[in-house]
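These notes are about the structure you will find just below.
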Amino acid sequence: MAILQLLHCKRTLFGIILPTPSEQLPLKGMIGPAVFLVAAGFIGCDYSLAVAFLTLSTTLGGFCSSGYSINHLDIAPSYAGILLGITNTFATIPGMVGPVIARSLTPENTIREWQTVFWIAATINVFGAAFFTLFAKGEVQNWALDDHHGHRN
């Protein structure tokens, strides 16, 4: 419980309200991978470095889960499981479509073609980070309030 309270603690710096740690984690978990994806496109044929960059990208992506997964509990505690099921269903679509698109964008399997693939993936990550930062709320939503469960704003 104390950890959850710490994750939602608002902090200020020179009068500016800073994002809470639970808001910062998805940002780090999307921007970090974007940087390493783009970098992976510019290393040439150094396979060891490519594996290292892609591993770092995937590892940093784990920070994202810490922020967006808890958001389901924040906005609708009684319906978090249902929301997680719905969002994870939509989240599997890129995993199915991505390889097909990557293959269509790399017919010659050149470095330039792969740079395009990595740039697209990085752009999607940055867009996701911006969208989450601007629109994610950590407050119980009105539609999720139910006196039976005792959830209040």
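Everything quoted here is computed from the prediction, not taken from an experiment.
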Note, Thr133 side chain near Pro26 side chain (heavy atom, < 4.5 Å): no
Work out which heavy atom in Glu113 is nearest to a heavy atom in Glu108; give both atom names and the distance. OE1-N, 3.1 Å
Any side-chain heavy-atom pair from Ile31 and Val126 closer than 4.5 angstrom? yes
Distance from Ile101 atom CD1 to Arg103 atom CZ, nearest 0.5 Å? 14.0 Å
Should Thr106 and Trp114 be marked as a side-chain contact (heavy atoms from CB on, under 4.5 Å) after you check the CA-CA gap, both sets of side-chain angles, and the distance that decides it? CA-CA 7 Å; Thr106 57; Trp114 279 105; 3.6 Å; yes
Could you give the distance from CD (Gln115) to CG (Leu37), rounded to the nearest 0.5 Å? 12.5 Å
Name every donor-acceptor pair, under 3.5 Å, that has one atom in a side chain of residues 90-100 and the other anywhere in the protein, sequence neighbours excluded.
from: Thr92; atom 1: OG1; to: Thr89; atom 2: O; distance (Å): 2.7

Would you kindly confirm whether Leu105 and Trp119 end up in one hydrophobic cluster when ILVMFWY residues are joined by side chain heavy atoms under 4.5 Å apart? no
Please enumerate all residues that pass side-chain contact (heavy atoms from CB on, under 4.5 Å) together with Leu83, with sequence neighbours excluded. His72, Ile75, Ala76, Trp143
Verify the neighbour count for atom CZ of Phe42: are there more than 12 heavy atoms of other residues, nucleotides or ligands below 6.0 Å? yes
Hey, any chance Val38 and Leu54 share a hydrophobic cluster, counting ILVMFWY side chains that come within less than 4.5 Å of each other, even indirectly? no
Connected via hydrophobic side-chain network under 4.5 Å: Phe118 and Ile124: yes
One should read off an interatomic distance between Asn125 CG and Ile120 CD1, to the nearest 0.5 angstrom, of 12.5 Å
Can you tell me how far apart CZ (Phe36) and OG1 (Thr58) are? Round to the nearest 0.5 Å. 11.0 Å
ILVMFWY network linking Leu84 to Tyr79, side-chain heavy atoms under 4.5 angstrom: no
Nearest-0.5 Å distance that lies between atom OG1 in Thr87 and atom CD1 in Ile82: 12.0 Å
Same hydrophobic cluster for Leu60 and Ile43, using side-chain heavy-atom links shorter than 4.5 Å among ILVMFWY? yes
Can you see which heavy atom on Pro33 is nearest to which on Lys28, and at what distance? CD-O, 3.7 Å
